[in-house]
2 protein chains.
Amino acid sequence: MAQIQTLSKNQKIILDIIEKANEPLKAYSILFNVQKKGIKAPLQVYRALEKLIKLGKIHKVESRNAFVACKNSNCDISKATAFSICETCEKVTEISDQKLSKYLKNFQDKTGMIYKKYNLEFYGLCTACKRS
Amino acid sequence: MAQIQTLSKNQKIILDIIEKANEPLKAYSILFNVQKKGIKAPLQVYRALEKLIKLGKIHKVESRNAFVACKNSNCDISKATAFSICETCEKVTEISDQKLSKYLKNFQDKTGMIYKKYNLEFYGLCTACKRS
DNA sequence: TTAAATATGTTATATTATAACAAACGTTAC
DNA sequence: GTAACGTTTGTTATAATATAACATATTTAA
Ligand SMILES: [Zn+2]
Ligand SMILES: [Zn+2]
Ligand SMILES: [Zn+2]
Ligand SMILES: [Zn+2]
């Protein structure tokens with residue numbers, strides 16, 4: 001609420017659209033939706049997306065090239081994201097699981113590489129699609 | 001070794017290139033590299049990639065739109081993949097960690113969604129880049 | 001051996017994303 | 001207030017990634 005004030009005009013417009021959507025939005029679908037508000041070029045969208053990701057307001061669902069509003073508390077400013085994705089209906093849900101995130105944040109490989117961030121995507125069948 | 005016989009001509013050519021590379025390859029870089037072997041169109045590459053992924057011979061690194069040969073035993077035919085990615089030098093390594101894969105395969109969310117697959121990407125700083 | 005499934009070749013096009021440049025806006029510091 | 005700085009915007013063009021649609025060929029298996 002406080003931080004939203006620091007967003008620029010385009011950033012607000014685009015965050016608003018993404019927050020109101022109940023599904024991940026693609027960049028060009030966002031572009032189409034904001035053209036009436038004066039945002040005409042892909043770069044205007046991509047620049048806002050980039051900033052919003054950096055702020056942890058939204059995440060990119062990498063395997064879908066789509067963008068969703070963060071449903072957790074900005075996921076440590078975008079450093080730890082996990083999604084469940086239904087391969088049938090394409091419904092995407094952000095996973096909020098303390099144990100999982102703790103496990104992954106603490107994960108260390110053999111090489112000693114330092115991990116600053118992770119993104120995890122589960123693919124499967126949602127409960128609605130399972131029934132039908 | 002047995003299964004490689006079942007690959008088609010284009011699939012063999014493209015798997016060969018990917019296996020010999022020590023880095024993830026992009027589709028159009030693969031295309032460029034196989035043009036001397038008669039593969040001229042993007043679709044020929046993408047179709048082979050799709051099949052190789054299905055067979056678990058290669059994986060797609062989603063955040064990089066790039067393809068790497070599987071370094072494990074085909075990762076249960078491509079159902080469970082994890083990578084470490086250096087954000088400085090872009091080095092990508094497939095993670096093989098029994099505990100991690102067991103943990104993720106058994107992961108269940110609150111909704112009861114059935115997970116058939118996952119892809120996990122860690123981003124950070126590799127040991128070489130850490131030193132410099 | 002013929003039907004089905006898989007793979008190929010080809011052209012065109014769709015989709016996703018960035019480069020390069022110029023101008024405007026919003027801090028903050030003096 | 002205004003200079004200096006970083007950030008945001010606007011704009012045109014283009015790069016990079018991926019698929020549609022259609023015709024043909026090859027392989028597999030009943
Ligand atoms: Zn989040
Ligand atoms: Zn579903
Ligand atoms: Zn693998
Ligand atoms: Zn590195």
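Side chains are part of it too, since the values below use all heavy atoms of this structure and drop only hydrogens, waters and symmetry mates. Residue numbers start from 1 in every chain, and the chains themselves are labelled A, B, ... in the order their sequence lines are given, proteins ahead of strands.
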* Structure fact -> Side-chain atoms of Gln11(B) come closest, of dT10(C), dA7(C), dT11(D), to dA7(C)
* Asked: May Tyr28(A) be described as stacking on the base of dT16(C), applying a 5.5 Å centroid limit and a 30° limit on plane angle?
  -> yes
* Look at the rings of Phe83(B) and His59(B) and say which category their plane angle falls in: under 30° parallel, 30 to 60° tilted, over 60° perpendicular. => perpendicular
* **Check: Ser8(B)/Asn10(B) side-chain N/O donor and acceptor closer than 3.5 Å** => no
* Closest nucleotide among dA17(C), dA18(D), dA7(C) to the Phe67(A) side chain -> dA17(C)
* Asked: Taking the side chain of Lys51(B) as its heavy atoms from C-beta onward, which of dT11(D), dA7(C), dG10(D) lies nearest to it?
  -> dA7(C)
* Length of the line joining Glu50(B):CD and dA5(C):P, which is rounded to integer Å -> 17 Å
* To do: Between Pro42(A) and Pro42(B), just flag the one whose closest nucleotide in DNA chain C comes earlier from the 5' side.
  => Pro42(B)
* Figure out the CD1/C1' separation between Ile13(B) and dA7(C), and round it to whole Å. => 13 Å
* **Side-chain N or O of Lys12(B) closer than 4.0 Å to phosphate OP1/OP2 of dA7(C)** => no
* Find the distance Tyr46(B):OH to dA21(D):P and express it as a whole number of Å. => 18 Å
* **Interatomic distance, Lys54(A) NZ vs dT8(D) C1' [rounded to whole Å]** => 13 Å
* Asked: Would you call the rings of Phe107(B) and Phe122(A) parallel, tilted or perpendicular, where under 30° means parallel and over 60° means perpendicular?
  -> parallel
* **Proximal nucleotide (of dT8(C), dA18(D), dT9(D)) relative to the Ala27(B) side chain** => dA18(D)
* Side chain Asn33(A), main chain Ser29(A), donor-acceptor under 3.5 Å -> yes
* **Lys26(A) vs dT16(C): side-chain N/O to OP1/OP2 distance below 4.0 Å** => yes
* To do: Give a yes or no on whether Tyr123(A) and Ile95(A) share a hydrophobic cluster (residues Ile, Leu, Val, Met, Phe, Trp, Tyr; joining criterion: side-chain heavy atoms under 4.5 Å apart).
  => no
* Asked: Rounded to whole angstrom units, what separation is found between the CD1 atom of Ile39(A) and the C1' atom of dT8(D)?
  -> 12 Å
* Structure fact -> note: Leu49(A), atom CG; dT16(C), atom C1'; distance rounded to Å ~ 12 Å
* **Side chain of Leu43(B) (C-beta onward), nearest among dA20(D), dT17(D), dT12(D)** => dA20(D)
* Structure fact -> In whole angstroms, the gap separating P of dG26(C) from NZ of Lys9(A) amounts to 11 Å
* Asked: Given dT9(D), is OP1 or OP2 found less than 4.0 Å from the side-chain N or O atoms of Ser8(A)?
  -> yes
* Among the nucleotides dT17(D), dT11(D), dT8(D), which one has an atom lying closest to any side-chain atom of Asn65(B)? -> dT17(D)
* Asked: Counting just side-chain N and O atoms, does Gln44(B) come under 4.0 Å of either OP1 or OP2 of dG9(C)?
  -> yes
* Distance in angstrom units between Leu31(B) CG and dA18(D) P, rounded -> 13 Å
